[in-house]
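To keep things clear, I will list the structure first and then write my remarks on it.
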Amino acid sequence: MTGNIPLEYFLILSTIMFFTGIFGFLTRRNLITMLMSIELILNSVNINFVAFNHFLYPNNLQGHFFTLIIIAVAAAEAAVAIAIIINIYRNFKSIEVDKVNQMKY
Amino acid sequence: MDSNILFFLLAGTILLFSVLTVTTRRILRAAVYLLFVLVSTAGLYFMLNYNFLAAVQLTVYAGGIVVLMIFSILLTSHISEKAKLAGMKQSLLSALTVVAGAILTIILLMNHQFTASSEPAVSPDVQNIGRHLVSYGENGYALPFEVISILLLAAMIGSIIVARKESLAANVKPTDENPEK
Amino acid sequence: MNILTLFVLIPVVTMLAIGFSKSMKSIRVVAAIGMGIQLILAAFLVYAYLTERAAGNTAEMLFTYDALWFPSLNIHYSIGVDGISVAMIALTAVVVFAGIFASWEVEYLSKEFFISLILLASGVFGFFISIDLFTMLLFYELAVIPMYLLIGIWGSGPKEYSAMKLTLMLMGGSALLMVGLLGIYFYSAPDGTPLTWNLLEISKNTIPIEMQRFLFPFTFIGFGILGALFPFHTWSPDGHASAPTAVSMLHAGVLMKLGGYGAFRVAIFLMPDAAQEQAWIFLLLTGTSVVYGAFGAIFQKDLKYINAYSSVSHCGLVLFAILMMNQTALNGAVIQMISHGLMTALFFALIGMIYGRTHTRLINEMGGLMKVMPFLSVVYVIAGLASLGLPGLSGFVAEMTIFIGSFQHTDSFHRMLTIIAAASIVITAVYILRVVATLLYGPIRNDHYNHLTDARWFEKLSTVTLLVCIAAIGIAPLWLSDMINFSLAPIVTKLSMATSSFVSIF
Amino acid sequence: MNIYDFLIMRHELVLVIIALVVLIIDLGLKPAQKRHIIPVAVTLFIIHTIIGFLPSSGGILFGGMFHSSPLLVMMKNVLNIGVLIILLQSYSWLIKPENKEKMSEYFVIMFFTLTGMYFMISAGDFLMFYLGLETASIPIAALAAYMHHRTKSAEAGVKYILSSALSSGILLFGLSLIYGTTGSILFSDIAFSITDSPLQIFALIFFISGMAFKISLVPFQLWTADVYEGAPTNVTSYLSVISKGAASFVFMLILFKVFFPVMEVWRDILYTLSIATMIIGNLFALRQKNMKRFLAFSSIAQAGFILLGIMVGSKLGMTSVIYFILTYIFSNLGAFGVVSAIENASGKLSMDDYNGLYKTNPKLSLLMMLSVFSLAGIPPVAGFFGKFFLFTSAASAGLYWLVFIAILNATISLYYYLLVVKAMFINKNETPIPAFKTDLPARAGLILSALGIFILGFWSQVYEWINNLTVGIF
Amino acid sequence: MNAYSYTLLIPLIPLFVFLLIGLTGHKYKPSISGLIGTAGLLVVTVLSYMTAISYFWTDHIAGTAYTSLKVFEIDWLHLTEFLTINLGILLDPISVMMLVVISTVSFMVHIYSLGYMKGEKGFARFYAFLSLFSFSMLGLVLATNIFQMYIFWELVGVSSYLLIGFYYTKPSAVSASKKAFIVTRFADLGFLIGILMLSFMTNTFDFQTLVSSDSPALSHMGGATFLGLSTLTWALTLVFIGGAGKSAMFPLHIWLPDAMEGPTPVSALIHAATMVVAGVYLVARLFPLYSMVAPDALVIVAWVGGISSLFAAIIACTQYDIKRVLAYSTMSQIGYMMLALGVSGYGGHDGLGFMASNWHLFTHAMFKALLFLGAGAIIHSVHSNDMREMGNLRKYLPITHLTFLIGCLTIAGIPPLSGFFSKDEILAAALHANPALFAIEYLVAGITAFYMFRLYFNVFWGKSTHYHHTPHESPLVMTIPLMVLAFGAVFSGFLPFNELVTSDGLPFEAHINYSVAIPSVLIAAFGILVAYMMYRKESLVPEKIATSLGAFYRGAYHKFYMDELYLFVTHKIIFRYISQPVAWFDRNIVDGTMNLIGYSIEKASYMIKGFQSGRVQQYGYVFVTGAVALVIIFVFIW
């Protein structure tokens with residue numbers, strides 16, 4: 001079903017996605033959008049794993065399961081992160097990342 | 001449908017919405033864009049025959065995480081609120097690093113000779129996956145499966161202690177430390 | 001129990017006993033008893049050592065004891081003494097004993113004071129009995145660190161600054177040192193045989209010359225910093241000036257000797273080839289510091305600074321002599337260490353006692369003290385005379401041995417340096433006499449000094465102990481000199497086998 | 001799979017069971033009785049610690065996903081001791097009214113994260129490693145934000161979770177490339193096929209970056225200070241000691257087990273990171289007034305030292321790293337214990353508040369002094385031995401200049417450690433922290449750390465015991 | 001045991017006395033200390049005379065050469081394979097002669113001080129120091145080797161230092177003592193280096209070996225040269241510098257006049273009779289060596305002696321402090337002795353200079369001690385040093401007057417007093433060797449007579465001065481020593497020095513050289529006459545002469561500005577231009593560097609604090625950039 005799409009395309013796709021996510025992480029002001037960027041990053045990794053598994057090493061499902069685990073972990077991470085962000089909102093009345101810099105230097 | 005076209009369509013969607021996710025000024029829209037990205041990714045998985053994975057992607061990511069995010073957005077922001085943009089310097093520097101990183105990565109990826117395994121393929125169908133998930137020998141994933149449950153449990157407890165409002169917390173005066181100079 | 005282990009054990013026991021003491025009186029009595037026993041033990045050690053030697057025991061180290069400590073790294077608790085260490089141990093015991101009495105009246109946190117002081121002493125004792133490089137380093141740092149508290153808590157003047165500077169510079173020195181020691185360890189044995197930290201065993205092996213070239217400066221400077229090697233000596237004036245009496249005594253009297261002893265025992269002994277090669281650089285430095293310290297002392301107004309610069313000069317002479325690397329000069333170096341240890345301790349004791357009465361250390365503000373405190377003043381004059389190398393006191397013996405030894409070199413480089421170093425005796429006379437004249441002689445400059453009292457019994461005990469040793473060495477140096485000489489012989493033999501490439505440089 | 005296989009996993013199994021037991025007991029307790037969970041949890045953990053020391057043989061389970069060997073067991077035991085001390089020290093903080101309702105959660109999360117570390121240590125493939133890593137870090141974010149009515153705690157939580165997520169994203173990217181280039185996630189397979197092709201080096205660097213985050217190596221360390229400062233003190237000590245210790249173990253193990261064919265490469269990388277970490281950590285620590293922040297930076301600098309042993313890649317290196325971490329655990333816990341005791345008693349955290357502490361609380365001051373001396377590597381306390389052996393191992397590889405830089409940095413670090421000593425012993429204070437008595441568990445914790453600080457160095461059997469278990473690359 | 005083992009007691013008794021008084025002196029009455037000291041010296045004197053008599057006469061087989069006897073020796077310190085410092089006792093003509101000189105003068109001074117120092121604070125201390133000095137001086141002259149000599153040389157220096165600074169509350173005394181010590185120490189540095197060189201070349205310190213006819217030094221005669229002089233010459237010149245310092249030879253003399261700040265008996269003992277001649281003794285002791293291997297050094301010795309004697313004599317004419325006049329006179333006379341050694345040859349009649357030098361040393365000790373003690377008696381009675389405040393004292397102080405006159409006549413060289421003989425031999429030797437030097441010394445003889453009688457007339461004649469207290473004659477303890485010394489001054493000229501103390505130990509024929517003696521007596525008489533005319537009565541003549549001499553007089557009056565020169569060197573050069581910069585350099589550059597390191601680290605710490613901005617995005621940025629940078633470095637660059 002994959003036709004003749006080369007592996008590299010997937011990799012390039014995931015790479016761009018990965019760095020887009022990082023860019024988001026670095027520039028978004030809102031904590032939740034930063035979290036979204038993280039999801040982008042993880043997603044790109046997933047694509048990598050899947051692509052590698054599918055194209056190069058179909059003899060086992062390591063990449064597949066890795067992806068599966070990453071998705072689960074991402075969920076856990078998101079849950080904790082969102083809980084904390086809500087807590088931040090309670091404390092700071094804002095989820096602006098730049099407001100969260102009481103501790104520095 | 002020609003799978004090539006499908007791929008490019010999905011890839012295009014993913015890239016477009018990825019960029020939009022990290023650039024849009026409306027938070028809720030960002031969440032929606034993210035959803036598009038995740039769904040398109042699921043599409044990729046389908047395309048590659050990883051149906052189970054795609055399903056998980058849709059349920060956990062699209063159904064779980066994004067919804068969670070949207071809820072929390074609603075909880076913490078006004079819908080109409082526009083997110084502030086990062087400073088020019090910060091954006092430029094970040095863009096520089098990110099672009100450099102991406103280019104380097106792509107160069108390295110393109111220059112690498114990947115060698116495919118010659119062993120027979122294992123079909124990623126649900127039976128196989130199920131068997132792998134509960135087996136604990138070679139290529140068994142029972143252990144990670146168990147451990148992830150610990151993680152999820154811990155994360156759950158963690159989220160609860162962080163997010164819940166305690167009866168006591170109301171009585172305890174928040175000790176507000178002054179920011180250090 | 002090995003007699004040498006007692007030298008570490010007694011201080012530890014004393015510290016514990018002090019820890020359990022309640023009143024100030026019992027604290028200092030316990031300290032005095034402990035260190036008194038230590039002194040007796042040291043005297044016994046000297047006696048036992050000489051008897052052993054007289055009985056014909058020619059082993060390089062006597063009273064050795066060896067226990068494996070970290071088997072996988074071949075670290076041992078390995079102890080033993082030769083004439084040099086015996087002499088240094090005796091010196092330490094004397095100075096510590098005198099130091100206890102010099103600080104008899106420390107009231108502020110006296111328990112902590114004596115514990116730190118004795119901790120310092122135990123480090124020094126441990127250092128001198130060690131044959132194993134690791135334990136040597138351990139004791140070395142153990143001796144350095146209590147200085148911080150001792151100066152910081154009980155010091156005076158800019159004590160925090162001085163304490164910090166002193167500690168950091170000395171620890172910086174031990175940074176160099178540690179690199180050197182590690183390097184030595186990894187080249188301590190020929191390929192295929194287990195590595196060792198044992199000085200004597202390492203000395204049987206020749207460290208490859210390239211490594212020696214690399215490691216020698218590390219080791220030598222590392223020890224040299226504690227020995228006030230120019231230009232790394234600046235911890236010394238500030239440190240001494242701020243330290244309380246007993247600490248200055250111990251530090252200048254004993255701790256600085258760790259530098260000289262180590263430089264000689266480790267750097268020169270184990271890496272003679274590189275030492276021969278690089279000696280000229282350090283000779284220039286130490287030669288400079290001998291004169292430089294003396295000139296620096298002339299200009300100072302603070303008694304402790306004067307003595308600190310004087311120590312720079314005298315300790316410079318120690319390193320200078322060590323670098324001359326012949327038997328006589330080395331012998332002189334050891335005697336100079338002992339001599340300087342005793343007299344500088346005496347000086348600091350006296351300065352502390354004077355300061356305790358006049359509350360100033362600026363010589364311009366004092367004068368005519370001879371009249372009000374004759375005892376202290378007379379002792380001060382004698383100490384001064386010892387410092388400027390008066391025959392009959394220890395300084396003379398040391399300096400003359402060094403000069404004669406250094407002059408045995410046949411090239412003009414060494415000889416010119418010797419002459420320059422010898423010139424320091426004149427400069428020393430200048431500053432010593434200047435102090436004596438301003439401080440002790442002349443009319444009393446401050447009426448309030450008329451009511452000051454002379455030394456009390458414990459102060460007398462402290463100073464007389466040191467004085468007796470100074471005079472004993474000065475009058476009858478032969479036993480000491482021969483004791484050291486005997487132990488130097490194997491070292492010098494090793495040194496002389498080193499390929500001397502010195503000439504090729506010049 | 002039989003009962004013996006479970007014995008191989010006894011650390012993980014027992015700990016999970018304990019955590020669950022605590023959780024269940026907690027459900028049955030009324031709010032007023034909640035505090036009784038503490039002795040139960042601590043006692044259970046003590047039992048667990050003791051069980052951990054029972055002899056065990058190694059083994060490989062789950063098709064290579066789970067490894068166990070005496071070495072790994074020892075690492076886990078080392079962590080156990082640290083956790084035990086932390087639990088003891090947490091007592092007076094936990095019984096505060098504001099924490100009353102979530103005491104058991106504290107234990108449960110701690111036990112679960114510790115389990116994560118066990119799995120991380122025992123991992124035989126990158127999947128388990130990753131899973132362990134996340135199990136060990138995500139819930140800690142919740143712990144960091146534990147005192148959620150405090151802004152700093154919340155801030156610490158969010159900073160930790162975000163940074164951690166970013167780092168694991170980068171780490172994962174690296175792992176995915178390793179998988180892509182070698183075709184396996186099993187350590188043993190990867191070790192066969194890894195080469196120094198640029199893409200693999202790239203992956204290695206991303207992997208190292210991710211780990212560097214956990215060990216807080218420069219430039220991946222910036223979160224450390226803020227999180228340490230904001231998190232509850234006991235969580236901070238958990239983060240700085242246990243989490244970092246475990247990460248260091250794993251980092252070392254993976255570098256040794258998986259990446260040894262490209263040792264030349266990672267040695268150079270670690271060389272650079274090590275120097276940068278020591279210097280930057282020290283430079284930041286110089287100025288700190290907040291004790292927790294101060295210890296954070298100091299622990300960054302310490303991490304730089306750990307690399308010295310890792311990059312050697314020999315048995316000696318591994319031994320000295322483990323030994324160093326052991327001494328580091330005791331020293332750092334001693335310091336954190338004092339900080340936490342004082343914080344609980346007076347709420348004071350600034351170094352200026354410590355002025356004149358010796359007058360009022362001599363024992364705490366002495367312990368603090370011993371701890372910082374141990375951290376600084378001053379004899380005769382354990383830290384000296386730990387550092388010295390690290391330097392020895394680095395020197396054994398001929399890295400003399402690195403050793404020199406490291407010791408110079410140790411000297412700089414001595415400066416700020418002495419500042420603490422100075423504050424307590426030398427500086428005068430009109431209103432010093434009043435004398436107080438620490439409660440029994442905390443005292444037990446402090447005494448344990450003090451004993452460790454004192455005994456570890458002289459008791460060479462510990463070192464030899466570690467040495468008997470370690471392996472080197474060669 | 002040998003016949004002379006008792007000589008060991010000679011130095012040891014004073015040492016014991018020193019320790020006794022020094023340690024216990026404050027426990028009993030001061031006068032007891034004085035008596036203990038004096039008694040000790042009495043024993044020493046008796047032993048010294050016994051030694052002298054046995055050595056020169058009883059034990060000596062007539063006609064044979066006097067040999068040097070090493071009667072006692074112990075090892076004191078082993079230095080190198082060859083070099084060992086020994087302590088011992090060497091008896092030979094000059095050391096025995098010195099024993100006599102030292103014990104006599106010292107004993108007299110001990111007695112004299114019982115009166116002179118009576119009631120002084122620190123009486124016991126004074127005696128302790130005197131004993132210390134006696135010990136050191138005796139040890140010096142009895143030294144068997146050059147290093148022992150150096151040891152006692154330093155001890156003598158320090159006793160001198162202590163005694164000059166005896167009145168330690170008096171700033172001038174303190175600075176004088178300091179100056180004396182430092183200047184002599186500077187000279188001793190030369191001595192020390194000389195010893196280093198000599199001992200290195202010869203591998204021995206021992207005098208007997210050094211001066212023997214097969215001295216190891218001989219093998220170095222053709223050795224390396226430096227600035228045209230052989231190494232040996234350099235070594236011996238350096239040794240001589242030590243001697244010149246101790247003996248206050250130009251230009252190292254500046255300490256001597258100041259040293260008069262010490263109590264007058266001390267000046268008599270140390271700065272006239274004994275210590276200051278140590279330099280002469282040193283050269284005499286090594287004389288065979290000088291003459292064998294370094295005749296060039298002897299030329300230097302001669303010229304230094306000659307110049308010093310002239311220089312000092314001129315200054316002496318202008319001084320008003322009676323002790324300073326005597327001090328310059330001492331310097332001048334020692335110049336004579338040095339010169340005599342410098343012009344002397346070795347063996348037989350060639351060694352006339354050597355003999356004359358020692359003889360003059362002997363006679364000078366007697367009359368100069370006499371003069372100083374007399375001056376002390378004068379000062380004691382009028383409480384002033386300034387001769388302008390004196391006059392007409394002959395009535396009040398008859399004994400002092402008489403003995404002082406004898407001293408003056410002796411030093412002026414009037415026959416048949418002892419000074420005549422010894423000075424005559426010196427002049428004869430000088431004439432023989434170096435007419436230029438002879439001319440100088442001839443002139444100096446006249447000047448000497450002039451300034452001594454200037455002093456004499458000013459004090460005992462001249463204007464009648466009113467004194468606050470009527471001066472009175474000193475007690476017997478002070479006058480008896482005067483008389484004894486006057487006896488010595490008168491009669492020591494009849495001692496057969498040409499038989500006893502000669503360069504090679506063999507007696508030689510010496511006789512008065514009338515062609516030298518008569519003119520010298522004449523010029524002395526002329527000097528006395530001029531003094532008589534100028535100072536017999538109070539007159540304006542001296543002032544007129546002084547004015548007419550103008551700058552020269554002022555120069556002489558200000559001691560040719562030597563003190564100022566030294567002050568300039570010490571204060572300006574050493575203190576300001578060396579020491580101060582060194583101290584500054586140390587504080588600011590060396591220490592400053594250390595502080596700078598600390599400061600820069602601290603500064604760097606502040607500079608980088610921006611990285612820890614508290615913004616998690618920035619952390620992320622650094623994180624990612626760091627990773628990318630590592631990639632760039634290690635993948636692309638490495």
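Nothing here was measured: the structure is a model prediction, and the numbers come from that model. A, B, ... follow the sequence lines: proteins, then strands. Residue 1 opens every chain.
Side-chain contact check for Asn60(A) and Glu119(B): no donor-acceptor pair (N or O, by modelled atom type) lies under 3.5 Å.
The local environment of CZ in Phe114(B) is crowded, with over 12 non-hydrogen atoms from other residues, nucleotides or ligands closer than 6.0 Å.
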- Start with the C-alpha distance between Leu92(B) and Leu96(B), add both sets of side-chain angles, then the distance that settles side-chain contact (heavy atoms from CB on, under 4.5 Å), and finish with yes or no. CA-CA 6 Å; Leu92(B) 275 180; Leu96(B) 195 70; over 6 Å; no
**Request:** Any chance you could lay out the side-chain contact (heavy atoms from CB on, under 4.5 Å) test for Leu7(A) and Phe52(A), step after step, and finish with the verdict?
**Result:** CA-CA 8 Å; Leu7(A) 168 66; Phe52(A) 281 132; 4.1 Å; yes
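Per-residue counts of heavy-atom pairs under 4.5 Å with chain A were compared for Val37(B), Val66(B), Thr97(B); the largest is that of Val37(B). Between chain A and the residues Leu44(B), Leu93(B), Ile129(B), Leu152(B), the largest count of heavy-atom pairs under 4.5 Å involves Ile129(B). Comparing Gly87(B), Ser117(B), Ala155(B), Ser91(B) by heavy-atom pairs within less than 4.5 Å of chain A, the highest count is held by Ser117(B). Of the residues considered (Asn128(B), Val60(B), Val147(B), Thr24(B)), Thr24(B) shows the highest number of contacts with chain A, using heavy-atom pairs under 4.5 Å. If you tally non-hydrogen atom pairs under 4.5 Å between each of Leu40(A), Ile12(A), Ile22(A) and chain B, the highest count goes to Leu40(A). Ranked by heavy-atom pairs under 4.5 Å with chain B, the list Thr67(A), Thr33(A), Ile16(A), Leu42(A) is led by Thr67(A). Top candidate by heavy-atom pairs under 4.5 Å with chain A, chosen from Thr115(B), Ile14(B), Thr41(B), Val19(B), is Thr41(B). Interface summary for chain B: among Asp98(A), Val80(A), Ile71(A), the most heavy-atom pairs under 4.5 angstrom belong to Ile71(A). Here Val50(A) is the residue among Ile47(A), Leu31(A), Val50(A) with the most heavy-atom pairs under 4.5 Å with chain B. Most heavy-atom pairs under 4.5 Å with chain B: of the set Glu8(A), Glu39(A), Arg28(A), this distinction falls to Arg28(A). If you tally non-hydrogen atom pairs under 4.5 Å between each of Phe23(A), Phe25(A), Tyr57(A) and chain B, the highest count goes to Phe23(A).
For a residue to count as touching a neighbouring chain, one of its non-hydrogen atoms must lie under 4.5 Å from one of that chain's; by this rule Glu77(A) does not touch chain B. Heavy atoms closer than 4.5 Å to chain A are found in the side chain of Ile148(B), but not in its backbone. Looking at Asn53(A), the atoms closer than 4.5 Å to chain B (heavy atoms on both sides) sit in the backbone and in the side chain alike. Only the side chain of Leu34(B) comes within contact range of chain A, judged by heavy atoms closer than 4.5 Å. When heavy atoms are compared at a cutoff of 4.5 Å, Leu26(A) approaches chain B by way of both its backbone and its side chain. Only the side chain of Phe8(B) comes within contact range of chain A, with heavy atoms under 4.5 Å apart. Heavy atoms closer than 4.5 Å to chain B are found in the side chain of Thr15(A), but not in its backbone. Neither the backbone nor the side chain of Tyr33(B) comes within contact range of chain A, judged by heavy atoms closer than 4.5 Å. Residue contact with chain B, scored on non-hydrogen atoms closer than 4.5 Å, is absent for Val97(A). Contact of Ala31(B) with chain A is made through backbone and side chain together, with heavy-atom distances under 4.5 Å.
Proximity of Phe52(B) to Leu68(A): side-chain heavy atoms (C-beta onward) are separated by under 4.5 Å at one or more points. The closest side-chain heavy-atom distance from Tyr141(B) to Gln62(A) is below 4.5 Å.
Looking at every heavy atom in both residues, Gln57(B) comes nearest to Leu38(B) through NE2-O, 3.3 Å. Pairing each heavy atom of Leu10(B) with each of Ser40(B), the nearest pair is CD2-O, 3.7 Å. Considering all non-hydrogen atoms of both residues, Val98(B) and Phe19(A) come closest at CG1-O, 3.2 Å. For Ala79(A) against Leu68(B), the heavy-atom pair with the smallest separation is CA-CD2, 4.0 Å.
Residues Phe10(A) and Phe55(A) place their aromatic rings such that the two centres sit under 6.0 Å apart.
Judged by distance alone, the side chain of Arg90(A) and the main-chain N or O of Ala163(B) form a donor-acceptor pair under 3.5 Å. Panel note: side chain Asn91(A), backbone Asn87(A); a donor-acceptor pair is recorded below 3.5 Å.
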